[in-house]
Amino acid sequence: YEGVTPLPETTADFNYRYLIEALGTLAKAVEGSGRQHTVVVISTCLPGTYKREIEPLATGWSNINLVYNPYFIAMGTVIPDFLNPEFVLVGCNDETSLVHLGAFYNSFGLFDRQRVMSITSAEATKVFYNTFISMKLSFANIVAEACEKVGADCDDVMGAIKAANKRLISGAYLTPGMGDSGGCHPRDGIALSHFAERYGMSFDFFGMLMRQREVQAR
């Protein structure tokens, strides 16, 4: 898939066949070896994949400890991204399986950057991290389109938004709960939804945002 890939009429999960076959092959290869082997999976999986697809099979893999460790790397900056990550995501359901992986990351000086959680939580973190980037880019492009409609300078607008490192470019408002309170936000969302209709924008991002708030509040 590339950045131009459209949403198909019928969506589908990832194909996990090769992953499951590889794990089965590894489990058979180490069967009866008398020692435990740590297998690290880096494939992107939807949340719940381990519980649904792999855990029922893993009961027979007595010699394997499974760890989920997806990377956050981009095309063109793979090595720098790997060597200097924001964090190292590690999913496991038995922390005794982290000994070998911890030693591996310690050799790169990255031991303290590990964020350890359950495999299901790690699956969720990986895909929601990726889609957060898509959301940021989509918002920037919506702003660019709106600016073009009325003659505003998108670079000035986004430059100011990037400078807002207290509320916008930070961890603020990223804790689940009731929607943003006060009158300003819904007021602006309603008005911008009207703006999108008035200027024939390609997508009413703001109306979608308002509908999500309403559903969540209910």
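Within a 6.0 Å sphere centred on CZ of Arg115, other residues, nucleotides and ligands contribute 12 heavy atoms or fewer. Atom CD of Glu148 has 12 or fewer neighbouring heavy atoms from other residues, nucleotides or ligands inside a 6.0 Å radius. When the shell of 6.0 Å around NZ of Lys149 is examined, it contains more than 12 heavy atoms from other residues, nucleotides or ligands. Remark: Phe87 CZ is packed, more than 12 non-hydrogen atoms of other residues, nucleotides or ligands lying under 6.0 Å away.
Put simply, Val99 and Val90 are part of two different groups of oily side chains (I, L, V, M, F, W, Y) that touch within less than 4.5 Å, one to the next. There is a path of hydrophobic side-chain contacts, each under 4.5 Å, that joins Phe205 to Val150. Cluster annotation: Tyr129 is not connected to Phe14 through the hydrophobic network of ILVMFWY side chains, with a link wherever side-chain heavy atoms come within less than 4.5 Å. Hydrophobic clustering keeps Ile133 apart from Leu168 (ILVMFWY residues linked when any side-chain heavy atoms are closer than 4.5 Å, directly or through intermediates).
Put simply, the side chain of Glu214 reaches to within 4.5 Å of the side chain of Arg218, judged on heavy atoms. Residues Leu209 and Leu192 have side chains not in contact (no heavy-atom distance under 4.5 Å, counting atoms from C-beta outward). Here the side chains of Glu123 and Ile119 are in contact, with some heavy-atom distance below 4.5 Å. Between Ile20 and Leu57, the closest side-chain pair of non-hydrogen atoms falls below 4.5 Å. Looking only at side-chain heavy atoms (C-beta outward), Asp153 and Cys147 stay at 4.5 Å or farther from each other. The shortest side-chain heavy-atom distance between Val40 and His100 does not fall under the 4.5 Å cut-off. Side-chain contact check for Val116 versus Cys92: some heavy-atom pair is nearer than 4.5 Å.
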Between Val39 and Val30, does a side chain to side chain contact (heavy atoms under 4.5 Å, CB included) hold up when you go through it step by step? CA-CA 11 Å; Val39 176; Val30 301; over 6 Å; no
Step by step, work out the side chain to side chain contact (heavy atoms under 4.5 Å, CB included) result for Met210 and Ser193. CA-CA 9 Å; Met210 288 298 297; Ser193 181; 5.7 Å; no
Walk me through whether Lys126 and Phe72 qualify under side chain to side chain contact (heavy atoms under 4.5 Å, CB included). CA-CA 8 Å; Lys126 169 60 177 175; Phe72 296 89; 3.8 Å; yes
Between Glu145 and Phe203, does a side chain to side chain contact (heavy atoms under 4.5 Å, CB included) hold up when you go through it step by step? CA-CA 10 Å; Glu145 183 182 356; Phe203 183 74; over 6 Å; no
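The backbone N or O of Ser62 sits less than 3.5 Å from a side-chain atom of Gln36, completing a donor-acceptor pair. Judged by distance alone, with hydrogens and angles left aside, the side-chain atoms of Thr25 form a donor-acceptor pair with the main-chain N or O of Glu21 at under 3.5 Å. Under the 3.5 Å distance criterion, the side-chain polar atoms of Asn69 are left unmatched by any main-chain donor or acceptor of Gly91. Proximity of a side-chain donor or acceptor of Asn63 to a complementary backbone N or O of Ala27 within less than 3.5 Å is not detected. Checked by atom type and distance alone, the side chain of Gln114 pairs as donor or acceptor with a backbone atom of Phe111 at under 3.5 Å. With hydrogens and angles ignored, the 3.5 Å screen pairs no side-chain donor or acceptor of Glu53 with any backbone N or O of Tyr16. Under a 3.5 Å cut-off, the side chain of Asp204 and the backbone N or O of Ala196 do not form any donor-acceptor pair. Remark: side-chain polar atoms of Thr77 are not paired, donor with acceptor, to backbone N or O of Pro80 under 3.5 angstrom.
Between His37 and Arg35 the shortest heavy-atom distance is CD2-O, 3.2 Å. Nearest heavy atoms, Ser43 versus Leu19: OG-CD1, 4.5 Å. The minimum heavy-atom distance between Leu89 and Ala122, with the atom names listed, is CD2-O, 3.4 Å. Ser170 approaches Asn165 most closely through the heavy-atom pair CB-O, 3.5 Å. Between Leu23 and Trp61, the shortest heavy-atom contact is CB-CH2, 3.5 Å. Scanning both residues, Val157 and Val143, for their nearest heavy atoms gives CG1-CG1, 3.9 Å.
Centroid-to-centroid, the aromatic rings of Tyr50 and Tyr68 stay 6.0 Å apart or farther.
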